[in-house]
There are 2 protein chains.
Amino acid sequence: MTEKPDTKWRILDAAEKLFGLKGFEATSLRDITAEAQVNLAAVNYHFQSKDSLIDAVIARIIQPVNKRRLEKLDAAGPNPALEEILAAFLGPVLELDLANVAPLMGRLMSEPNLFIERFFKTHLAPVSQRFQEEIHKALPDLPRAEIAWRMHFVAGIMAHHARWSQVLPVTSGGLCDNSDPQAVIERIVAFSAAGFRAPVREPAVMTGKG
Amino acid sequence: MTEKPDTKWRILDAAEKLFGLKGFEATSLRDITAEAQVNLAAVNYHFQSKDSLIDAVIARIIQPVNKRRLEKLDAAGPNPALEEILAAFLGPVLELDLANVAPLMGRLMSEPNLFIERFFKTHLAPVSQRFQEEIHKALPDLPRAEIAWRMHFVAGIMAHHARWSQVLPVTSGGLCDNSDPQAVIERIVAFSAAGFRAPVREPAVMTGKG
DNA sequence: GTCTATAGGTTGATAGAC
DNA sequence: GTCTATCAACCTATAGAC
């Protein structure tokens, strides 16, 4: 019956913000408890260790993202267009809060060592497979390997944008305005859909004998 | 007259490898001196601090990469095709040693805080501007802002691939074979060129009065 | 559940002998 | 230039009072 933002949630919120801002290793539990205005020992009481806290922070972000991805995909009907598939994959990430959540998501996607060990099989692999199946239905002539490559490219755009979105207006010299998430999604969908429809280059034939 | 791999170079090589593998914060000077088989105090003798060592490691990678980018661009003649421009931008990064150098390059590109403070103005901004000019000549109808956005997307693909290349054969379930760097460059160039040529969506007109 | 106090270890950096 | 030894600061984690 009490309000939600108790100690445990305050720690998760503070950890999410600081992990995204400075990274997992560079953020100490003291940084987190200072930001959350709770006692240092509370971290080890509510979570068992820093590693478990990292797991909890990430799970709290990834699970609803993947849930919404699949909901959007289902909502697009039995034979969604390529653009609908890409928007379902990208939207839930690019709609995350740019200040706190998106940087952490981008950081996580650029740390394959951490990601693979703890989240790849449980969180990413099933969703990735489902999306690759849908793209295969939308582009039946595109080889499976090419679908995997191009999903890898789309994930790269998404991760990089999540990581740079906060500073992009500066680094682009004001050219890139990302204040409207929907406009960003449309841009990335248009770019990625065109890339997915690019002709597949035949592998070069070696001149040596077989 | 002595051989090149003296203490200073051994430290740079070891730091490059470990920074890429574990990250800047997670790698201690003791990790580096153990890998390089030199004394701990040698780091602070040859470089003044860990931060200066980070600068030196990164400068040693970025400078030749940007030099080769511009050489490739110049070699493509006065009016290079879009594909030639993209290959000049991507090639020198994607041809880096996948085991040691590429992971560090990918990590650097996914750490905007570090990157912007120390390398953006000196290393990235001039090269980026030159490439955007060339793309403007190749695609004169594409708005400047859209060029900036799409270069941002291409950089994302590049950074993500540099970061994941080592594990990609596993995470793709064997679908993505990246043993041939030239084939990877061709794939990314084809995808990105098609994305660059995608039609620009007109901004949606609001239904409210002006 | 929340706090203080502290154990036990690692870090970056330096002083000073050789 | 290279080494040993060491410092002060920081870290995660826990024990135990309340």
Side-chain angles (χ1 to χ4, degrees), chain A residues 1-60 104 107-108 111 113-115 117-119, chain B residues 1-60 104 107-108 111 113-115 117-119:
Chain A
M1 300 305 174
T2 56
E3 270 296 346
K4 208 52 176 302
D6 52 1
T7 299
K8 194 168 180 177
W9 274 82
R10 298 243 301 282
I11 293 171
L12 283 170
D13 288 341
E16 178 178 276
K17 172 179 174 180
L18 295 177
F19 284 154
L21 197 64
K22 310 202 308 172
F24 300 106
E25 294 274 353
T27 302
S28 70
L29 296 183
R30 283 168 176 80
D31 292 337
I32 294 169
T33 55
E35 170 80 22
Q37 291 186 288
V38 301
N39 188 273
L40 173 62
V43 176
N44 289 83
Y45 174 78
H46 288 284
F47 310 89
Q48 290 72 15
S49 63
K50 183 180 178 179
D51 265 14
S52 300
L53 173 62
I54 292 174
D55 286 357
V57 169
I58 293 172
R60 193 175 68 149
L104 178 55
R107 195 177 284 275
L108 177 62
E111 302 241 3
N113 297 337
L114 175 71
F115 199 93
E117 273 177 23
R118 306 203 209 167
F119 305 100
Chain B
M1 301 303 176
T2 55
E3 269 295 347
K4 208 53 177 301
D6 53 359
T7 299
K8 196 169 179 177
W9 274 81
R10 300 243 301 283
I11 293 172
L12 283 170
D13 287 342
E16 178 178 277
K17 173 179 174 181
L18 294 176
F19 284 153
L21 197 65
K22 312 201 309 174
F24 299 107
E25 292 275 354
T27 301
S28 70
L29 296 183
R30 284 167 178 80
D31 292 337
I32 293 168
T33 55
E35 171 79 22
Q37 291 186 288
V38 301
N39 189 273
L40 172 62
V43 175
N44 289 83
Y45 175 78
H46 287 285
F47 310 88
Q48 290 74 13
S49 64
K50 184 180 178 179
D51 265 15
S52 301
L53 173 62
I54 293 175
D55 285 356
V57 169
I58 294 172
R60 194 176 66 150
L104 177 54
R107 194 178 285 275
L108 176 63
E111 303 241 2
N113 297 337
L114 175 70
F115 198 93
E117 274 178 24
R118 304 202 210 168
F119 304 100

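Sequence lines set the chain letters: A, B, ... in the order given, protein chains first and strands last, and positions in each chain run from 1. Side chains included, hydrogens not; waters and symmetry mates left out as well; all remaining heavy atoms used.
- Residue B:Asn39 has its side chain nearest to D:dC3 when only D:dC3, D:dA13, C:dT4 are considered.
- A donor-acceptor pair shorter than 3.5 Å cannot be found between the side chains of A:Asp55 and A:Ser52.
- For A:Asn44, counting side-chain heavy atoms from C-beta on, the closest listed nucleotide (D:dG1, C:dA13, D:dT14) is D:dT14.
- Atom P of nucleotide D:dG1 and atom CZ of B:Phe47 are separated by 12 Å, given to the nearest angstrom.
- The line from CH2 of B:Trp9 to NE2 of B:His46 is 13.5 Å long, rounded to the nearest 0.5 Å.
- Going from atom CD of B:Gln37 over to atom C1' of D:dG1 covers 18 Å, rounded to whole Å.
- Per the geometry, CH2 belonging to B:Trp9 stands 19 Å off C1' belonging to D:dG1, to the nearest Å.
- One interatomic measurement links the two molecules: CD1 of A:Ile32 to C1' of D:dC11, which rounds to 12 Å at whole-angstrom precision.
- Regarding B:Tyr45, its OH atom lies at a distance of 17 Å from the P atom of C:dA17, rounded to whole Å.
- Atom CD1 of B:Ile32 sits about 7.0 Å away from atom OG of B:Ser28, to the nearest 0.5 Å.
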Residue pair A:Lys22, B:Glu25: steps toward the salt bridge (Lys or Arg N to Asp or Glu O under 4.0 Å) verdict: CA-CA 10 Å; A:Lys22 310 202 308 172; B:Glu25 292 275 354; over 6 Å; no
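- Between its two ends, the helix from C:dG1-D:dC18 to C:dC18-D:dG1 turns its axis by 0°, counting five pairs per end and rounding to 10 degrees.
- Regarding B:Phe24, its CZ atom lies at a distance of 17 Å from the C1' atom of C:dG12, rounded to whole Å.
- B:Arg60 and B:Asp13 are joined by a salt bridge, as a carboxylate oxygen and a charged side-chain nitrogen come within less than 4.0 angstrom of each other.
- Spacing between atom CD1 of B:Ile11 and atom C1' of D:dC3 amounts to 13 Å, rounded to whole angstrom units.
- Looking at A:Ile58 and A:Phe115, their side chains never come closer than 4.5 Å, going by heavy atoms from C-beta outward.
- Ranked by how close their nearest DNA chain C nucleotide is to the 5' end, A:Ala41 and B:Thr27 are led by A:Ala41.
- Counting non-hydrogen atoms of neighbouring residues, nucleotides and ligands closer than 6.0 angstrom, the NZ atom of A:Lys50 exceeds 12 such neighbours.
- Side-chain proximity of B:Leu40 to D:dG1, C:dA13, C:dT2: nearest is C:dA13.
- At the phosphate of C:dT10, neither OP1 nor OP2 sits under 4.0 Å from any side-chain N or O atom of B:Ser28.
- Place B:His46 and A:Lys50 on DNA chain D by their nearest nucleotides, and B:His46 ends up nearer the 5' end.
- Of the candidates C:dG12, D:dG1, D:dA13, the closest approach to any side-chain atom of B:Arg30 belongs to C:dG12.
- Distances shown here put a side-chain N or O of A:Thr7 below 4.0 Å from the OP1 or OP2 atom of C:dT2.
- Atom CG of B:Leu29 is separated from atom C1' of C:dA13 by 9 Å (rounded to the nearest Å).
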